[in-house]
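Encoded as structure tokens, the structure appears first; notes follow it.
Each chain gets a letter, A, B and so on, in the order its sequence line appears, and its residues count up from 1.
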Amino acid sequence: VVSWTSLVSLYCKLGKLAEAQQLFAKIPSRDVISWTAMIAGYVHQGCTEEAYALFCKMQQEGVKPDKVTLLSVLGACTNPKALQRGKEIHALITKAGFESDVRLGNALISMYAKCGSIPCARQVFDKMPEKDIISWTAVMNLYCKCGSVLEAHQIFARMPKRDVVAWNAMISGYARLKRGEKALELFHQMERENAVPDSVTFTSALNACASIASLEKGKEIHSQVVKAGFGTYSFVQNALVDMYTKCGKLATARELFDRIVDRDVVTWNAMILGYAQNKQGKEALVLYERMVTEGVKPDRVTFIAVLLACRNEGLMEDRRRYFTSMRQDHGIKPT
RNA sequence: UAGGAUGUGUUCAGGC
């Protein structure tokens, strides 16, 4: 059983779910660990239906889930439609007497957050006998995501300890709501408290600059980014391109864009949108054509950017053409 | 000693 399970896990990690499933089916005497490995594999690949089905089958066959199994299967509840499922798993956790487990508690908070049930998440948090930094950050982020940044900040202020992830969550929470000044204020407070910013911090800080079109702050953070050695991180690069376009500095953005070696769809979108939003629709369309030529697959955001560019230029004919092409050549539907 | 996980980040038009 041991070696079989190891193999299943290995295949799952390689993303070879079909092979893993075949092996799993052949295991002579599957134990709870084998089941968990397979369930976790499905969850990891985003196959939540399969994961949950397997979890049910496991119980039908009389195998009792342990903490690890429950933790893994909670990851299969990622949207409001899965709330009922999540609640059932919650009940199982309670029934098994695992209620006070910190990691299960954290996973429950995160599950309820993803399923959109803030009161349930909060209740789990409040009832946790022991909370760690992850519990605090999870519940804080939940308030950020639903727009209650005030509530989030209160939680942040009450946190017994803060690590870089907690700071990042709070900074990005403000940045997301276009509260750039507040986000940057926190960024500087973070520096004063000698917390070390990472690439996520810088991405959020750049986002904050973009949200208030602050070129001055943006440039300052740009230089910090380079000094800290994050200048080649793709998330950071994309955020830089976006920041410069939002500040109206298209030439600077374009210089950066041209120097980026591994441009992904987000890089292209940011630059195309930059042109489109700055009344340079023609340039946007030229860039779009190049994107397609280079074999980068456009997505929904590209679609929006291209249509915006056409509209701004009054190119109604082209607009129709792109509209059709997007649907037929790229399989993108307007939303 | 075989299996596990939980918190943060980049691009988003218009309409309603």
If you write RNA chain B from 5' to 3' in dot-bracket form, with Watson-Crick or G-U pairs under 3.5 Å, [ ] for crossing pairs and | for pairs with another strand, what do you get? ................
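- Atom NZ of A:Lys161 is separated from atom C1' of B:rG7 by 16 Å (rounded to the nearest Å).
- Listed nucleotides: B:rU8, B:rA13, B:rU6. Nearest to the side chain of A:Ser110: B:rU6.
- Atom OH of A:Tyr11 and atom C1' of B:rA2 are 17 Å apart (whole Å).
- Aromatic rings of A:Tyr288 and A:Tyr322 (six-membered ring for Trp) have centroids within the 6.0 Å cut-off, being under it.
- Under a 3.5 Å cut-off, the side chain of A:Asn141 and the backbone N or O of A:Thr137 do not form any donor-acceptor pair.
- Aromatic ring pairs are classed by plane angle as parallel below 30°, tilted from 30° to 60° and perpendicular above 60°; the pair A:Phe303 and A:Phe323 is tilted.
- Within the structure, every side-chain polar atom (N or O) of A:Lys67 is placed at least 4.0 Å from both OP1 and OP2 of B:rG3.
- Here the shortest heavy-atom pairing between A:Arg30 and A:Ala25 reads NH1-CA, 3.9 Å.
- Candidate nucleotides B:rG4, B:rG3, B:rC12 were compared by shortest atom distance to the side chain of A:Val32, and B:rG3 ranks first.
- To the nearest angstrom, P of B:rU6 lies 15 Å from CG of A:Leu70.
- For A:Phe156 and A:Trp136, the ring centers are positioned 6.0 Å apart or more.
- Using a 4.0 Å heavy-atom criterion, one finds that A:Arg176 contacts the sugar-phosphate atoms exclusively.
- Considering only side-chain atoms of A:Val200, the nucleotide from B:rC12, B:rG4, B:rG9 that sits closest is B:rG9.
- Using a 4.0 Å heavy-atom cutoff across all strands shown, A:Thr201 reaches no nucleic acid atom at all.
- Of the candidate nucleotides B:rG3, B:rA5, B:rC12, B:rA5 has the atom nearest to the side chain of A:Leu71.
- Atom CD1 of A:Ile221 is separated from atom C1' of B:rG9 by 14 Å (rounded to the nearest Å).
- Following rounding to the nearest Å, A:Asp299 (CG) and B:rA13 (P) show an atom-to-atom distance of 13 Å.
- When each of B:rA13, B:rU10, B:rG3 is scored by its nearest atom to the side-chain atoms of A:Arg311, the top-ranked nucleotide is B:rA13.
- Side-chain contact between A:Thr48 and A:Val43: absent, with no pair of heavy atoms (C-beta onward) separated by less than 4.5 Å.
- Ring to ring, A:His222 and A:Tyr244 are close: their centroids are under 6.0 angstrom apart.
- We find the CD-CD distance between A:Gln224 and A:Glu191 to be 5.0 Å, quoted to the nearest 0.5 Å.
- Checking the phosphate oxygens (OP1, OP2) of B:rC12, a side-chain nitrogen or oxygen of A:Lys246 falls inside 4.0 Å.
- For A:Ile134, taking side-chain heavy atoms from C-beta onward, the closest of the listed nucleotides B:rG3, B:rG7, B:rG9 is B:rG7.
- What you find for A:Thr245 and A:Gly274 is that their closest heavy atoms are CB-CA, 3.7 Å.
- In summary, the aromatic rings of A:Trp4 and A:Phe24 are positioned with their centroids too far apart to meet the 6.0 Å limit.
- Across the protein-nucleic acid pair, A:Trp35 atom CH2 and B:rA5 atom P stand 20 Å apart, rounded to whole Å.
- A sub-4.0 Å separation between OP1 or OP2 of B:rU11 and a side-chain N or O of A:Asn207 is present.
- When ring centroids are compared, A:Trp35 and A:Phe55 stay outside the 6.0 Å threshold.
- At B:rG9, one or more side-chain N or O atoms of A:Lys145 fall inside 4.0 Å of OP1 or OP2 (strictly under the cut-off).
- Using a 4.0 Å heavy-atom cutoff across all strands shown, A:Asp31 reaches at least one base atom of the nucleic acid.
- Of all non-hydrogen atoms in A:Cys115 and A:Asn79, the two that sit nearest each other are SG-O, 3.3 Å.
- What separates NZ of A:Lys114 from P of B:rA5 is a distance of 13 Å, to the nearest Å.
- Closest approach to the A:Arg103 side chain among B:rU6, B:rA13, B:rU11 is made by B:rU6 (side chain taken as heavy atoms from C-beta onward).
- Counting atom types as modelled, A:Thr36 pairs a side-chain N or O with a base atom of B:rG3 as donor and acceptor under 3.5 Å.
- For the residue pair A:Leu71 and A:Ala107, the shortest heavy atom distance occurs at CD1-CB, 3.5 Å.
- Side-chain atoms of A:Ala107 lie closest to B:rU6 of the nucleotides B:rU11, B:rU6, B:rG3.
- Set against B:rG7, B:rC12, B:rG3, the side chain of A:Gln277 has B:rC12 as its closest nucleotide.
- Looking only at distances, a side-chain donor or acceptor of A:Arg263 sits under 3.5 Å from a matching main-chain atom of A:Phe257.
- A:Asp264 comes within contact range of no nucleotide atom at all, as no heavy-atom separation falls under 4.0 Å.
- Residue contacts shown for A:Ser204 are limited to sugar-phosphate atoms, with no base heavy atom under 4.0 Å away.
- Residues from residues 230-244 of chain A placing a heavy atom under 4.0 Å of any atom in RNA chain B, listed by number, are A:Phe235, A:Asn238, A:Ala239, A:Asp242.
- Contact between the side-chain N/O atoms of A:Asn168 and the OP1/OP2 oxygens of B:rG9 is not found at any separation under 4.0 Å.
- A:Lys131 has no side-chain polar atom (N or O) that falls below the 4.0 Å cut-off from OP1 or OP2 of B:rU6.
- Against RNA chain B, the stretch residues 49-64 of chain A makes no heavy-atom approach under 4.0 Å.
- Atom CD1 in A:Ile272 sits roughly 14 Å away from atom C1' in B:rA13 (whole-Å rounding).
- Checking B:rG3, B:rG4, B:rA13 against the side-chain heavy atoms of A:Leu308 singles out B:rA13 as nearest.
- Looking at heavy-atom distances under 4.0 Å, A:Asp163 makes contact with a base.
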